[in-house]
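Shown next, in structure tokens, is the structure this report addresses.
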Number of protein chains: 2
Amino acid sequence: MSHSLHQSLAARGYRLTAARRAILDTLLDSGGHLTADELTDLVRGRSAGIGRMTVYRTLELLCGLGLLRPVYQGTGAAHYVLMHDGHHHHLVCSGCGRVIEFDECALGDLPARIAGRYGFRVEGHLLELYGVCVECS
Amino acid sequence: MSHSLHQSLAARGYRLTAARRAILDTLLDSGGHLTADELTDLVRGRSAGIGRMTVYRTLELLCGLGLLRPVYQGTGAAHYVLMHDGHHHHLVCSGCGRVIEFDECALGDLPARIAGRYGFRVEGHLLELYGVCVECS
DNA sequence: CTCTGTGCAAAGGATTTGCACTACG
DNA sequence: CGTAGTGCAAATCCTTTGCACAGAG
């Protein structure tokens, strides 16, 4: 499990450097939902001397491979979420801005229907539900 | 149809100024998928003298009302998409970055199940499918 | 009339280059 | 060894404030 990201990189011919290893490990341990800066700080706590740009570039690389996804949670910096098993599901509260993850995947045969209709091969997805959480009701 | 946004604002006590009217009309006509800057240019073509910040503030307002949503398409500026009828569906190609909209909504009774489990009232959603389009295969 | 909304300019952040240097494979 | 990857600093770009003025209700 903690090797899937590393192997995904290696398998595509990308080098597994110390910096990338630290970034990947931090991402996996943190569970996602981090900005680039938050991630940089965490990475540096684990392995000093890693530059902000290396973090940015690694994030960009992972996004290009479909393993990570930037989401815009209102204001400020982009948050990056891991696409565990190719998908990710959010509940976003309009009141307090809180983000809750949930696992239930209700897509059914939609990917197959999309493939049939648009010739589009679906590899992953992000579903965000917007509304109001219990506390904000 | 072209009045739903205007009425949503008016009904909540927001003023329907000339600038907001122009921005709302442009948004509706363009079909969405615009950055703030692209929208500003379009708005100015229709009604000169409208400032960039007015556009930003109107976008922020609409996002707060759940009528619009910022999405992060890779790099650069945020793209804003209209939440027609509270939902929006994307096909995003990892190859060329193209974004295709589709209408099929496959959520079924998920909102009801989420409400039961998390006490979260679902008002809208964004579904993004990632993969490879026909041309990039 | 009053208070919300607007526009400008300037500040504040986040992200991105350019380039010499390091180290993975 | 050669090339992909790194780190720093500076540049660039997007977005947000502060404040005086205009216009909607």
Side-chain angles (χ1 to χ4, degrees), chain A residues 3 5-27 33-44 46-65 68-80 97, chain B residues 5-27 33-44 46-65 68-81 97:
Chain A
H3 283 157
L5 281 183
H6 304 65
Q7 288 174 352
S8 295
L9 285 197
R12 309 201 203 198
Y14 295 103
R15 294 189 181 169
L16 255 189
T17 64
R20 284 185 178 163
R21 237 183 286 262
I23 293 168
L24 265 41
D25 289 343
T26 307
L27 262 180
H33 290 234
L34 295 169
T35 65
D37 261 355
E38 290 166 350
L39 180 59
T40 302
D41 288 345
L42 285 178
V43 168
R44 282 176 168 164
R46 173 186 302 239
S47 170
I50 291 182
R52 205 192 329 283
M53 2 264 66
T54 302
V55 173
Y56 273 108
R57 281 184 284 229
T58 304
L59 289 174
E60 187 188 5
L61 175 61
L62 293 175
C63 286
L65 297 177
L68 195 69
R69 188 73 200 169
V71 302
Y72 210 56
Q73 326 237 73
T75 191
H79 287 64
Y80 291 84
Chain B
L5 281 183
H6 304 66
Q7 288 173 354
S8 295
L9 285 197
R12 309 201 204 198
Y14 295 102
R15 296 191 178 166
L16 256 190
T17 64
R20 283 186 179 161
R21 238 183 286 264
I23 293 169
L24 265 41
D25 288 343
T26 308
L27 262 179
H33 290 233
L34 295 170
T35 66
D37 261 355
E38 291 165 350
L39 180 59
T40 301
D41 288 345
L42 285 178
V43 168
R44 282 176 167 163
R46 172 184 303 238
S47 168
I50 291 182
R52 204 191 332 283
M53 9 263 55
T54 302
V55 173
Y56 273 108
R57 281 185 283 228
T58 303
L59 290 174
E60 187 187 6
L61 175 62
L62 294 175
C63 286
L65 297 178
L68 196 70
R69 187 75 201 169
V71 302
Y72 210 56
Q73 327 236 74
T75 192
H79 287 64
Y80 292 85
V81 301

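Every chain is numbered from 1, with letters handed out A, B, ... down the list of sequences. This is a predicted model, so every value here is computed, not measured.
- Computed from coordinates, the B/D37 CG to D/dT15 C1' distance equals 10 Å when rounded to whole Å.
- No more than 12 heavy atoms of other residues, nucleotides or ligands lie within 6.0 Å of OH in A/Y14, so this atom counts as exposed by the packing criterion.
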Annotated protein contacts, base or backbone, on nucleotides 18-25 of chain D with a non-hydrogen cut-off under 4.0 Å, one of B, S, - each: -----BBS
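- Within the 4.5 Å cutoff, no side-chain heavy atoms of A/L42 are placed close to those of A/E38.
- Here A/R52 does not reach the OP1 or OP2 of D/dG7: none of its side-chain N or O atoms lies under 4.0 Å away.
- Taking NE2 of B/H6 as the start and CG of B/L16 as the end, the distance is 6.5 Å to the nearest 0.5 Å.
- If you check D/dT15, C/dT15, C/dT6 against the side chain of B/T54, the one that comes closest is C/dT6.
- Nearest-nucleotide positions on DNA chain D place A/T58 closer to the 5' end than the other of A/T58 and B/E60.
- To the nearest angstrom, C1' of D/dC13 lies 14 Å from NE2 of B/H79.
- Contact of the B/T58 side chain with the B/L27 side chain is not registered, since no non-hydrogen atoms from C-beta on lie closer than 4.5 Å.
- In terms of position on DNA chain C, the residue among B/A19 and A/A36 whose nearest nucleotide sits closer to the 5' end is B/A19.
- Separating the CZ atom of B/R12 from the P atom of C/dG5 is a distance of 14 Å, rounded to the nearest angstrom.
- Atom pair A/R20:CZ and D/dA4:P shows a separation of 11 Å (rounding to whole Å applied).
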Audit row: A/L9, A/L61, side chain to side chain contact (heavy atoms under 4.5 Å, CB included) steps and yes/no: CA-CA 9 Å; A/L9 285 197; A/L61 175 61; 4.0 Å; yes
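- Between A/I23 atom CD1 and D/dT6 atom C1' the separation is 10 Å, expressed in whole Å.
- Residue B/R44 contributes atom CZ, which lies 9 Å from atom P of C/dG7 at whole-angstrom precision.
- C/dC24 atom C1' lies 13 Å from atom CG of A/L9, rounded to whole Å.
- Between atom CG of residue A/L5 and atom CZ of residue A/R21 there is a gap of 13.0 Å, rounded to the nearest 0.5 Å.
- Mapping A/Y72 and A/G13 onto DNA chain D by nearest heavy atom places A/G13 at the nucleotide closer to the 5' end.
- Side-chain contact between B/T40 and B/I50 is absent, with no heavy-atom pair separated by less than 4.5 Å.
- Distance, A/Y56 OH to D/dA11 C1': 15 Å, rounded to whole Å.
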